[in-house]
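Because the structure is a prediction, the values reported are computed rather than measured.
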Amino acid sequence: EETGAVERAQNGSYRLGYLIASLSQNVDIDDCLFKASRDLMAGLSQGLNVSTFLGRLDGSTVTFVGRVLTPNSARKFVTVGSRSAAYSLALGRVMLADLSPEELDDVIEDADLRPLTPHTTTSRSELVAELAWVRRHGFAIEREQTYLGMGCVAVPIRDDEGRVVAAMSASEEVHKLTSQRIEALRNELMRVTPSIKKRILPSSHHGTARKNARLREPASLAEETAS
């Protein structure tokens, strides 16, 4: 259990952990990731009245691994298993920010930065600068870059070496995303992601610093926000 090979369910029984699942060709890793996150996503969705999404980076796109929608969500067409361009999504940006410069160059070249809305960033230099903001602050904000009228806040899910393996986001109407609201969403997302990590990844027993982590602790939104 301590290595992530198995995990204890709420009823006391054991189930396959993410470590073993990742070694088996017969297990759907995306399904394992969503099952480990679903109750936490549902809690955020209900408590904050937002739709929550879980995704992983797949080249220049994000694959949506899971979702929990509010009853009136405008993003019901975003289905589990569907893909969308990483450069325009908060989910994608928080994972792109973890890439090396060489990896990011390959993704941008493959992405073909085309406008999905009038607000989509299509300049390579602007995207790189926006990802640098994400890297400094530890989370991503997106306003109408992919869907008109919608905004999103996303945070990374990291492994024990600090590498981003997935991301979780909270989405709602863009007019609701004040600085105070963004900070509240970010804080709640960051509160639950360590629990997801414990469920799906081997735990560290030494508490050493994560040398590979490239995102620092987030600064207050009173200092700086991104559009």
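- Expressed to the nearest 0.5 Å, how far CG of L177 lies from CG of L185 amounts to 6.5 Å.
- A parallel orientation is assigned to the rings of W133 and H137, their planes being inclined by less than 30° (bins at 30° and 60°).
- Side chains of M168 and V192 form a contact here, defined as non-hydrogen atoms less than 4.5 Å apart.
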**Request:** Could you give me the CA-CA distance, side-chain angles and deciding distance for V107 and E109, then say whether side chain to side chain contact (heavy atoms under 4.5 Å, CB included) is met?
**Result:** CA-CA 5 Å; V107 168; E109 183 174 350; over 6 Å; no

**Prompt:** Can Y147 and L116 be said to form a side chain to side chain contact (heavy atoms under 4.5 Å, CB included), step by step?
**Reply:** CA-CA 8 Å; Y147 307 105; L116 303 177; over 6 Å; no

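- Criterion: ILVMFWY side-chain heavy atoms under 4.5 Å apart, direct or through other members. Under it, L69 and F64 are part of a common hydrophobic cluster.
- With sequence neighbours excluded, the residues forming a side-chain contact (heavy atoms from CB on, under 4.5 Å) with T121 are R93, E126, L127, E130, Q145, listed by chain and number.
- Connection of V174 to L48 is not established within any shared hydrophobic cluster, with ILVMFWY side chains joined at heavy-atom distances below 4.5 Å, either directly or through further cluster members.
- Among residues two or more places apart in sequence or in another chain, the side-chain contact (heavy atoms from CB on, under 4.5 Å) test is passed with V80 by R67.
- When side chains are defined from C-beta on, E173 counts as touching K176, because their heavy atoms get closer than 4.5 Å.
- Partners of S195 by side-chain contact (heavy atoms from CB on, under 4.5 Å), not counting sequence neighbours, listed by chain and number: L40.
- Across all non-hydrogen atoms, the minimal contact from S169 to L189 is C-CD2, 4.1 Å.
- Heavy-atom minimum distance, L33 versus S37: O-OG, 2.8 Å.
- With sequence neighbours excluded, the residues satisfying salt bridge (charged side-chain N to carboxylate O under 4.0 Å, His left out) with E172 are R181.
- In this structure the side chain of I108 reaches within 4.5 angstrom of the side chain of L113, judged on heavy atoms.
- Residues satisfying the side-chain contact (heavy atoms from CB on, under 4.5 Å) test with A132, not counting sequence neighbours, are R135, R136.
- With sequence neighbours excluded, the residues that form a side-chain hydrogen bond (donor to acceptor under 3.5 Å, both in side chains) with R124 are D105.
- Under the 3.5 Å distance criterion, the side-chain polar atoms of E142 are matched with a main-chain donor or acceptor of E144.
- Annotation: the span from M95 atom CE to I157 atom CD1 amounts to 9.0 Å, rounded to 0.5 Å.
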Review item, side-chain donor-acceptor pairs of residues 52-62, under 3.5 Å, at least two apart:
from : atom 1 : to   : atom 2 : distance (Å)
T52  : OG1    : M41  : O      : 3.3
R56  : NE     : D30  : OD1    : 2.6
R56  : NE     : D30  : OD2    : 3.3
R56  : NH2    : D30  : OD2    : 3.1
D58  : OD2    : R83  : NH1    : 3.4
D58  : OD2    : R83  : NH2    : 2.7
S60  : OG     : D110 : OD2    : 2.8
T61  : OG1    : D58  : O      : 3.0

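- Partner P156 forms a side chain to side chain contact (heavy atoms under 4.5 Å, CB included) with one of V94, V165, L91 and no other, that one being V94.
- A donor atom on one side chain and an acceptor atom on the other are not found under 3.5 Å apart for T120 and T122.
- Of all the heavy atoms in L89 and S84, the pair that sits closest is CD1-CB, 3.6 Å.
- The shortest non-hydrogen separation linking G81 to T63 is O-CG2, 4.3 Å.
- Separation of atoms OG1 (T178) and NE2 (H175) is listed at 11.0 Å; rounding is to 0.5 Å.
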**Asked** Between V50 and V153, is a side chain to side chain contact (heavy atoms under 4.5 Å, CB included) present by the stated rule, with each step listed?
**Response** CA-CA 11 Å; V50 293; V153 176; over 6 Å; no

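- Contact of the E103 side chain with the L96 side chain is not registered, since no non-hydrogen atoms from C-beta on lie closer than 4.5 Å.
- Counting all heavy atoms, side chain and backbone alike, G66 lies closest to F34 at CA-CD1, 3.5 Å.
- Looking at residues two or more places apart in sequence or on another chain, you find a salt bridge (charged side-chain N to carboxylate O under 4.0 Å, His left out) between R191 and E188.
- Partners of T146 according to the side-chain hydrogen bond (donor to acceptor under 3.5 Å, both in side chains) rule, which considers only residues two or more places apart in sequence or in another chain, are S88.
- Residues N187 and E183 meet the side-chain proximity criterion, which asks for heavy atoms closer than 4.5 Å.
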